[in-house]
Amino acid sequence: TAGDSPLFSQTETSKQQTLSNMDEQYDVIVCGTGLTECIISGMLSVDGMKVLHIDRNDYYGAESASLQLGQLFERFNRGEPPAALGASREYDIDLVPKFLMADGKLVRILKHLKVTRYLDFMLVDGSYVTKSGKVQKVPSTAGEALKSDLMGFFQKRKCKNFFTYCQEWEATDPKTHDKFDVLRSSVRQLYEKFDLSEDTIDFVGHAVALFTDESY
């Protein structure tokens with residue numbers, strides 16, 4: 001597998017030099033630099049193991065790579081990029097855009113691996129949903145919520161009360177429960193407590209909680 005690594009796509013002399021430099025003992029050899037392989041390699045390294053991490057491509061990331069323009073054209077057999085597009089290195093194109101929940105498990109793993117020393121995170125500028133064939137922005141401020149057509153005026157007030165209840169709820173403080181037992185009640189009953197319509201429930205489940213099915 002090492003023979004497929006970009007480390008070996010060199011002249012014969014440099015190949016021998018590279019082989020000589022790599023004539024070492026490793027605890028683990030990880031082939032491929034996709035997200036899963038990188039996390040495994042990082043976890044093993046953090047735990048003190050000596051890891052050789054190789055890839056047959058001349059870039060990292062496998063199917064989740066971020067490519068320069070020349071690499072992108074080569075990957076899809078488009079030849080050389082037009083000169084009018086500028087320098088290849090000025091581009092950084094994601095094959096698969098990465099969307100991470102701010103408090104998700106993957107973010108905690110990346111922090112543990114200390115990749116935050118050379119990895120930048122960006123906030124999502126906005127998210128969108130479709131309703132009645134129209135694309136609409138999911139409100140992220142009070143002003144946007146007032147202008148949004150995703151729900152009516154009265155439902156907006158009820159939805160705000162629902163969000164406030166969820167934000168202020170504390171497991172150890174019964175005063176925040178408002179006599180609602182979350183351990184013996186369903187989420188459907190919580191929706192009913194705040195008199196949320198089906199459209200509002202869909203909005204909460206898909207646009208806010210980001211569920212891809214109806215299990216919310």
Side-chain angles (χ1 to χ4, degrees), residues 34-36 38-39 61-69 71-72 75-76 85 90-113 115-116 119-171 173 176-216:
L35 179 59
T36 302
C38 286
I39 290 176
E63 298 303 319
S64 300
S66 296
L67 304 181
Q68 295 181 359
L69 189 61
Q71 293 172 325
L72 183 71
R75 178 181 174 87
F76 293 101
L85 294 178
E90 294 180 357
Y91 290 82
D92 191 25
I93 305 164
D94 279 350
L95 293 178
V96 180
K98 292 82 175 170
F99 181 78
L100 310 178
M101 299 300 290
D103 193 36
K105 290 182 179 179
L106 183 53
V107 171
R108 292 197 287 272
I109 290 174
L110 294 175
K111 288 174 64 179
H112 175 70
L113 299 178
V115 298
T116 48
L119 184 69
D120 292 327
F121 291 92
M122 293 180 62
L123 294 176
V124 175
D125 291 331
S127 58
Y128 297 81
V129 295
T130 59
K131 181 180 180 182
S132 302
K134 182 180 178 181
V135 177
Q136 301 197 51
K137 187 178 187 296
V138 176
S140 56
T141 66
E144 289 182 351
L146 287 174
K147 297 177 182 178
S148 175
D149 294 330
L150 287 173
M151 61 183 74
F153 176 78
F154 293 107
Q155 276 297 305
K156 288 178 182 178
R157 182 181 297 274
K158 294 174 182 179
C159 192
K160 177 180 180 296
N161 293 337
F162 171 77
F163 288 147
T164 301
Y165 174 83
C166 293
Q167 187 173 15
E168 296 178 350
W169 191 90
E170 294 286 346
D173 186 2
T176 65
H177 300 178
D178 195 22
K179 300 180 181 180
F180 186 83
D181 188 350
V182 297
L183 298 179
R184 297 185 178 183
S185 306
S186 66
V187 179
R188 167 63 69 175
Q189 289 173 306
L190 181 61
Y191 292 147
E192 292 173 352
K193 171 180 171 64
F194 288 90
D195 194 25
L196 301 185
S197 69
E198 289 299 321
D199 282 348
T200 303
I201 293 172
D202 280 346
F203 172 81
V204 172
H206 294 304
V208 178
L210 302 180
F211 275 78
T212 56
D213 54 30
E214 305 303 310
S215 62
Y216 62 87

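We count residues from 1, following the sequence as given.
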Colleague: Could you tell me whether the side chain of Q167 and the main chain of F163 form a donor-acceptor pair under 3.5 Å?
Modeller: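 Not confirmed, Q167 side chain does not pair with F163 backbone.
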Colleague: Residues two or more places apart in sequence or in another chain: which of them pass salt bridge (charged side-chain N to carboxylate O under 4.0 Å, His left out) with E192?
Modeller: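 Checked E192 against salt bridge (charged side-chain N to carboxylate O under 4.0 Å, His left out); zero matches.
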Colleague: Can I get a per-line list of side-chain donor-acceptor pairs under 3.5 Å for residues 205-216, giving both atom names and the distance, sequence neighbours left out?
Modeller:
residue : atom : partner : partner atom : Å
H206    : ND1  : F211    : O            : 2.8
H206    : NE2  : E214    : OE2          : 3.3
D213    : OD1  : S215    : N            : 3.0
D213    : OD1  : S215    : OG           : 2.6
E214    : OE1  : Y216    : OH           : 3.3
Y216    : OH   : D202    : OD1          : 2.6

Colleague: L150 and V138: which non-hydrogen atoms are nearest, and at how many Å?
Modeller: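 Heavy-atom minimum between the residues: CD1-CA, 4.4 Å.
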Colleague: Quick one: pull up SG in C38 and CD1 in I109 and give me the separation to the nearest 0.5 Å.
Modeller: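 If we round to the nearest 0.5 Å, C38:SG and I109:CD1 are 12.5 Å apart.
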Colleague: Could you go through L190 and L196, starting from their C-alpha distance and side-chain angles, then the distance that decides it, and tell me whether this counts as side-chain contact (heavy atoms from CB on, under 4.5 Å)?
Modeller: CA-CA 9 Å; L190 181 61; L196 301 185; over 6 Å; no
Colleague: Got a sec, which residues hit side-chain hydrogen bond (donor to acceptor under 3.5 Å, both in side chains) with T200, two or more places apart in sequence or on another chain?
Modeller: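 Q155, S197.
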Colleague: Looking at D125, I'd like to know if its CG atom is crowded, meaning that more than 12 non-hydrogen atoms belonging to other residues, nucleotides or ligands lie closer than 6.0 Å.
Modeller: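 No - once you tally the heavy atoms of other residues, nucleotides and ligands closer than 6.0 Å, there are 12 at most.
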Colleague: Applying side chain to side chain contact (heavy atoms under 4.5 Å, CB included), can you list everything that pairs with R108, at least two apart in sequence or on another chain?
Modeller: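 D103, K105.
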Colleague: Taking ring pair (Phe, Tyr, Trp, His ring centres under 6.0 Å) as the definition, give me every residue that meets it alongside H177, ordered by chain and number, with sequence neighbours left out.
Modeller: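 Listed in chain order: W169.
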Colleague: Closest approach of T176 and Y165, non-hydrogen atoms and distance?
Modeller: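 Scanning both residues, the minimum pair turns out to be O-CE1, 3.4 Å.
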Colleague: Can you name the residues that form a ring pair (Phe, Tyr, Trp, His ring centres under 6.0 Å) with F203, not counting sequence neighbours?
Modeller: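 With sequence neighbours excluded, F203 shows a ring pair (Phe, Tyr, Trp, His ring centres under 6.0 Å) to no residue whatsoever.
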Colleague: With salt bridge (charged side-chain N to carboxylate O under 4.0 Å, His left out) as the rule and sequence neighbours excluded, what pairs involving residues 156-170 come up?
Modeller: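 Qualifying pairs, neighbours excluded: K158-D195.
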Colleague: Could you pull out all residues at least two apart from F154 that satisfy side chain to side chain contact (heavy atoms under 4.5 Å, CB included)?
Modeller: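 Here no residue qualifies.
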Colleague: So, using salt bridge (charged side-chain N to carboxylate O under 4.0 Å, His left out) as the criterion, who are the partners of D178 when residues are at least two apart?
Modeller: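 Residues passing salt bridge (charged side-chain N to carboxylate O under 4.0 Å, His left out) with D178: K193.
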Colleague: Verify, without hydrogens or angle tests, whether Y91 (side chain) and L85 (backbone) share a donor-acceptor contact under 3.5 angstrom.
Modeller: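 Yes; at least one donor-acceptor contact below 3.5 Å.
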Colleague: Roughly how far, to the nearest 0.5 Å, is the CG atom of D199 from the CE atom of M151?
Modeller: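 Reported value, rounded in 0.5 Å steps: 8.5 Å.
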Colleague: Where do V204 and C159 come nearest, in terms of heavy atoms and distance?
Modeller: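 In terms of heavy atoms, the two residues are closest at CG2-SG, 4.3 Å.
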Colleague: Partners of E198 by salt bridge (charged side-chain N to carboxylate O under 4.0 Å, His left out), sequence neighbours excluded?
Modeller: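 By the salt bridge (charged side-chain N to carboxylate O under 4.0 Å, His left out) rule, E198 matches R188.
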Colleague: Report yes or no: does S186 contribute a side-chain atom to a donor-acceptor pair with the main-chain N or O of Q189 at less than 3.5 Å?
Modeller: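 Yes, S186 side chain to Q189 backbone: donor-acceptor pair under 3.5 Å.
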Colleague: Compare every heavy atom of S66 with every heavy atom of D92, then report the nearest pair and how far apart it is.
Modeller: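 The answer is OD1-CB, 3.1 Å.
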Colleague: If every non-hydrogen atom of V135 is compared with every non-hydrogen atom of Y128, which pair is closest and at what distance?
Modeller: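 Reported closest heavy-atom pair: CG1-CB, 3.9 Å.
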Colleague: Under the rule for side-chain hydrogen bond (donor to acceptor under 3.5 Å, both in side chains), what residues qualify as partners of E90, not counting sequence neighbours?
Modeller: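 Applying side-chain hydrogen bond (donor to acceptor under 3.5 Å, both in side chains) to E90 gives none.
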Colleague: Write down the atom of F194, the atom of N161, and the distance for their closest heavy-atom approach.
Modeller: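 Heavy-atom minimum between the residues: CE2-O, 3.6 Å.
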Colleague: Excluding sequence neighbours, so at least two apart, what forms side-chain hydrogen bond (donor to acceptor under 3.5 Å, both in side chains) with Q71?
Modeller: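 With neighbours one apart ignored, the set is empty.
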